[in-house]
Amino acid sequence: MPALSKKRKKTPVAAGTAGYDTVEVIGAREHNLKNITVSFPRNKLVVITGISGSGKSSLAFDTLYAEGQRRYLESFSAYARNFIGSLERPDVDKINGLSPVISIEQKTTSRNPRSTVGTVTEIYDFLRLLFARTAEAYSYLTGEKMTRQSEDQIVDSIIANLRGKKLTLLAPVVKGRKGHYRELFQQIRKLGFAKVRVDGTIQDLAPKMQVDRYKVHDIEIVIDRIVASPQDRARVSQSVNRALKEGKGIIQVLEENGTVHYFSKYLMDPRTGLSYDEPAPNTFSFNSPYGACPVCNGLGEIQEITEESVIPDKNLSISRGGILPLGAYRDIWIFKKIEAILKRYHCTLTTPIKNIPAEALRVLLYGDDVPVSVPSVKYPGTEWNTRFEGIVNFLEKQREEGSENVKQWVEDFTITRVCPECQGKRLKKEALHFFIDGKNIADLAMLDLGRFNHWLSGLEDRLTEKQRIIATGVLKEIRKRTGFLLDVGLEYLHLNRPLKTLSGGEAQRIRLATQIGTQLTGVMYILDEPSIGLHARDNTRLIGALKSLRDLGNTVLVVEHDREMMLEADYLLDIGPGAGRHGGQVVAQGEPPEFLKCNSATSGYLKGQEQIPYPSTRRKGNGKMLVLSGASGHNLKHITVSLPLGTFICITGVSGSGKSTLIHDTLYPILMKHFYGSRTEPLPYDKIEGIEHLDKVIEVDQSPIGRTPRSSPATYTGVFTDIRDLFAQLPEAKIRGYKPGRFSFNVKGGRCETCQGGGLRVIEMEFLPDVQVPCETCKGRRYNRETLEVRYRGKSIADVLNMTVEEAVGFFENHPRILRKIKTLEEVGLGYLSLGQHATTLSGGEAQRIKLATELAKRDTGKTLYIFDEPTTGLHFQDIAHLLNVLQKLVEKGNTVLVIEHNMDVIRAADYLIDLGPEGGDGGGHIVAAGTPEEVAQNANSHTGRYLLKELNR
């Protein structure tokens with residue numbers, strides 16, 4: 001012990017926590033970890049790799065991060081811990097040398113449409129400050145520069161420009177508002193004034209004076225009548241002072257010929273008298289009522305119920321369901337009302353909607369005040385007189401006041417449109433007329449970060465001396481934060497981009513850039529696959545950013561499968577050898593040169609001893625094409641894309657080149673609309689041909705299969721329904737009268753009522769994310785004791801949910817219906833998952849493969865288009881080989897597989913490539929190359945081609 005103390009004194013603080021140069025994890029048993037002991041150097045870039053499900057995240061997040069978080073809480077006083085609770089210690093004997101831990105995961109940080117790249121990085125906050133202090137204001141009426149003058153300047157201006165003229169000084173008190181203003185006139189009389197100017201006419205103030213309350217008025221107090229001359233300066237000054245006081249800083253000067261001159265201590269248009277409030281940072285905030293556009297409340301878009309959304313097909317009649325919210329004719333009150341209205345216009349319910357007069361259609365949609373006479377069924381010979389409020393008005397009312405289910409129903413008839421007032425810029429028109437170097441704040445927020453950085457360079461040279469002095473400090477902060485985002489390859493994003501539209505990898509890299517900006521030292525950062533969604537070209541910059549974080553004196557721990565990242569790391573840990581129960585051991589570790597000498601699956605792929613096979617010949621397809629012409633959404637440059645059907649197609653390109661815009665936002669919505677009547681509007685395009693060669697489209701993306709612990713692989717694939725049916729058929733279940741619902745953990749009866757079948761209880765933490773702990777009653781088994789007494793082959797329903805997919809394949813081998821669904825989970829490389837694993841613990845790649853397995857279990861037609869978004873997320877080389885095998889089988893059956901991907905192993909296995917670019921953001925949107933991998937590799941203009949050529953030659 002004394003020797004350790006001596007060592008601590010000699011070691012500088014940066015060298016290690018409590019004198020440790022390494023982080024030592026002793027006896028880790030969390031999840032599938034097999035009591036492992038491992039150490040790795042501090043203040044280095046350390047990569048943890050291994051096949052999917054081997055235990056990488058269990059070591060990095062569930063052991064190291066969980067213990068770091070627990071120790072942080074332990075540092076609170078006992079009094080504070082009473083309020084925030086305590087975290088359970090991870091299943092590990094000891095961890096030495098652990099620094100404070102910060103986790104940067106893939107989870108998108110916010111689903112709020114008000115959270116943008118600009119707000120989360122604070123760049124927009126600094127921009128607001130910059131505009132509030134240095135921007136120049138212009139009138140939105142005349143375009144002239146707004147001026148502000150001091151009291152002395154106003155007096156000098158009146159005497160110099162209006163010398164010798166008879167003038168009336170006016171103080172405006174009402175501008176463009178309705179009301180009778182009786183009290184205002186009384187107040188003005190009490191102040192000692194005798195005259196007012198109402199709507200351009202000067203009048204004497206009389207007792208009980210008032211104006212028409214339903215008309216819009218302008219009212220000014222007549223302060224004084226003067227002749228402007230240097231000799232009367234004292235009187236002019238005194239009158240101007242009083243006029244500014246009564247007019248709240250604004251004054252009008254009226255000449256005898258009726259000409260009005262405007263002056264103000266604040267920003268004012270000298271020609272029209274339009275004035276702005278003094279700008280403050282919240283003037284430029286779309287999250288503040290002082291800056292947000294009043295029509296869309298700062299969202300930039302509005303939700304509308306339109307004629308097109310309510311009546312999509314005008315060839316139908318009303319009786320055949322032409323008005324979508326009403327459906328087909330039924331003998332109910334509303335159809336009787338509509339029938340009575342149509343009678344006025346000599347139409348019936350069977351008249352095609354296109355033949356109904358426009359006026360009648362307007363009444364049906366928006367109502368009118370004319371009473372509608374409907375014959376009474378109860379009292380024959382009598383009529384009910386009622387008003388018709390209109391279908392659109394009814395839906396709007398339900399959207400505001402209805403129950404959650406009704407609101408959800410109304411959403412089906414709602415279309416999102418760009419706000420007509422601000423044109424998607426989110427701000428009031430006053431805020432949009434403050435300019436720096438010819439640009440307003442919304443223009444800058446819509447620039448991609450690359451062009452925004454270009455605008456920032458040399459900006460001081462384009463500012464006035466006064467602006468330069470004020471702006472220097474703020475510009476330094478903006479440039480610093482922008483630089484960090486560019487360092488992690490995000491130059492194609494713009495500041496106005498909503499956070500909810502970012503991929504997991506993009507959100508993670510934004511948070512990484514923010515952390516680099518904090519300049520903390522002595523911290524352990526844990527990252528989860530930061531290279532997701534990054535083109536091979538941008539990977540070098542990401543590695544550089546991680547190294548800069550390390551060079552500040554931090555330990556950077558990265559869970560990663562990327563070949564380049566592994567070779568650039570200071571130290572590697574390989575967890576394996578298999579997944580799930582076959583993993584959880586350290587199979588190789590060391591610096592890259594030592595690691596490559598080890599005998600593990602990962603080192604085999606890195607050395608080139610093992611290869612992911614790719615076909616020697618490329619399929620030509622079935623001879624049919626799907627052609628999308630004139631795609632021009634976002635940054636696409638009116639491109640035409642031809643997809644050969646019956647092949648494996650890969651869409652490539654640098655980050656932000658337009659891949660998602662082309663596939664997710666244009667092609668997929670077109671096909672969904674055609675096959676399933678989807679209401680999602682595709683981005684602009686001219687036409688699509690060849691759609692008749694397909695009969696369905698399936699998109700398999702990385703969105704979670706469920707946001708609660710109740711979702712699991714078993715519930716998502718539908719196999720749990722079959723398992724519950726099997727348990728309900730058992731003799732024990734029949735004796736007890738149990739139906740399939742008894743074995744559901746979502747309804748009362750068989751579930752544990754303490755956790756209501758969740759198996760977990762949520763503990764709310766005051767300063768940290770909520771923590772989920774196993775239920776103390778059922779110990780995480782979800783069911784009550786009686787339900788668990790029913791067993792099949794010695795296993796209860798909870799035991800079945802705890803089985804891995806691999807175990808379940810053998811257990812249910814005599815039940816073809818169940819076997820088919822779980823066999824596909826095993827085929828896509830998910831044999832290590834348990835059937836009841838909580839969906840919240842699954843990675844994006846695992847969720848995507850569960851969706852793929854669900855689709856594979858269905859009968860395919862051979863004319864299906866499958867769309868995948870980066871299916872290799874979270875996959876080891878071995879798993880990628882598995883996945884490619886499954887995708888190639890789909891194509892062998894005649895289907896078309898379309899993959900958006902950056903991974904070179906998948907790209908070289910494709911039959912046909914379409915490479916978008918050449919750059920991201922505005923520099924992208926073109927088709928750079930198209931053809932087989934070999935053809936694209938020879939294209940000198942393609943960034944993908946350059947890296948693909950190396951891969952094909954390796």
Side-chain angles (χ1 to χ4, degrees), residues 301 304 306-316 322 324 352-354 415-418 424 619-653 656-699 701 861-869 891 894-900 910-918 922 924-931 935-936:
E301 53 188 32
E304 270 188 339
T306 62
E307 184 178 321
E308 293 76 31
S309 62
V310 172
I311 308 174
D313 184 359
K314 291 196 173 182
N315 293 315
L316 295 174
L324 210 55
I353 293 175
K354 63 182 179 184
I415 287 175
T416 303
R417 290 204 172 153
V418 174
R619 297 181 191 87
K620 298 293 181 192
N622 56 21
K624 301 183 176 83
M625 303 287 276
L626 181 67
V627 183
L628 174 63
S629 306
S632 55
H634 296 156
N635 66 335
L636 295 180
K637 307 294 192 298
H638 209 262
I639 60 174
T640 296
V641 183
S642 300
L643 304 173
L645 299 178
T647 61
F648 180 5
I649 306 165
C650 207
I651 308 289
T652 64
S657 57
K659 305 182 295 297
S660 294
T661 300
L662 175 65
I663 305 303
H664 292 303
D665 302 335
T666 311
L667 177 65
Y668 181 61
I670 294 169
L671 297 175
M672 284 297 285
K673 205 167 191 173
H674 176 80
F675 293 122
Y676 310 112
S678 164
R679 310 193 62 75
T680 306
E681 286 297 317
L683 291 178
Y685 71 102
D686 292 345
K687 62 176 180 177
I688 187 162
E689 298 166 284
I691 207 166
E692 67 278 3
H693 305 312
L694 297 171
D695 63 4
K696 65 176 175 175
V697 61
I698 292 167
E699 184 184 42
D701 62 13
T861 57
K863 292 171 72 178
T864 304
L865 173 64
Y866 291 91
I867 298 175
F868 294 89
D869 181 12
V891 182
N895 302 300
T896 307
V897 171
L898 182 62
V899 177
I900 297 173
D911 299 316
Y912 192 80
L913 301 182
I914 296 170
D915 188 38
L916 297 182
D922 277 0
H926 297 281
I927 294 178
V928 178
E935 289 165 355
V936 171

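Quick caveat, the model's predicted, so the values are computed rather than measured.
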Among Val897, Ile663, Ile900, find the one that has a side-chain contact (heavy atoms from CB on, under 4.5 Å) with Phe868. Val897
dist Lys624:NZ -> Leu643:CG (nearest 0.5 Å) comes out at 15.0 Å
Atom NZ in Lys354, atom CG in Leu316: separation rounded to 0.5 Å? 10.0 Å
Of the non-hydrogen atoms in Pro312 and Gly322, which two are nearest, and what is the gap between them? CD-O, 4.2 Å
To the nearest 0.5 Å, atom OG1 of Thr661 lies from atom CG of Leu636 at 5.5 Å
Check whether any side-chain heavy atom of Leu898 lies under 4.5 Å from a side-chain heavy atom of Leu667, and answer yes or no. yes
Are Val936 and Thr652 close enough, and set up right, to give a side-chain contact (heavy atoms from CB on, under 4.5 Å), and what steps lead you there? CA-CA 11 Å; Val936 171; Thr652 64; 5.7 Å; no
State, with a plain yes or no, whether a side-chain heavy atom of Ser642 is found less than 4.5 Å away from one of Val627. yes
Donor-acceptor pair, Asp911 side chain versus Phe648 backbone, under 3.5 Å? yes
Give the C-alpha distance, both sets of side-chain angles, the deciding distance and a yes or no for side-chain contact (heavy atoms from CB on, under 4.5 Å) between Leu916 and Val928. CA-CA 5 Å; Leu916 297 182; Val928 178; 6.0 Å; no
Evaluate Asn622 against Thr896 for side-chain contact (heavy atoms from CB on, under 4.5 Å), listing each step before the verdict. CA-CA 10 Å; Asn622 56 21; Thr896 307; 5.7 Å; no
Can I get a per-line list of side-chain donor-acceptor pairs under 3.5 Å for residues 682-697, giving both atom names and the distance, sequence neighbours left out?
unit_1: Asp686; atom_1: OD2; unit_2: His638; atom_2: NE2; d: 2.9
unit_1: Asp695; atom_1: OD1; unit_2: Thr861; atom_2: OG1; d: 3.0
unit_1: Asp695; atom_1: OD2; unit_2: Thr861; atom_2: OG1; d: 3.0

Exercise: identify the closest heavy-atom pair between Val641 and Ile639: CG2-CD1, 4.0 Å
Qualifying residues under side chain to side chain donor-acceptor pair (under 3.5 Å), relative to Glu304, sequence neighbours excluded: Arg417
Rounded to the nearest 0.5 Å, what separates atom CD1 in Ile867 from atom CD in Glu699? 6.0 Å
What are the two closest heavy atoms between Pro669 and Thr666, and how far apart are they? CD-O, 3.3 Å
Return the OH to CD1 distance between Tyr912 and Ile651, rounded to the nearest 0.5 Å. 9.5 Å
Exam field: side chain Lys637 to backbone Ile927, donor-acceptor pair closer than 3.5 Å: no
Between Ile415 and Ser309, which heavy-atom pair has the shortest distance, and what is it? CD1-CB, 3.7 Å
Verify the neighbour count for atom NZ of Lys673: are there more than 12 heavy atoms of other residues, nucleotides or ligands below 6.0 Å? yes
Non-hydrogen atoms of Thr680 and Ser678 that approach each other most closely: N-OG, 3.2 Å
Are His926 and Pro918 close enough that some pair of their side-chain heavy atoms sits under 4.5 Å apart? yes
Measure across Arg619 and Thr647 and return the closest heavy-atom pair with its distance rounded to 0.1 Å. O-CG2, 3.9 Å
Using modelled atom types only, decide if a donor and an acceptor are shared between the side chain of Asn895 and the backbone of Leu865 within a distance under 3.5 Å. no
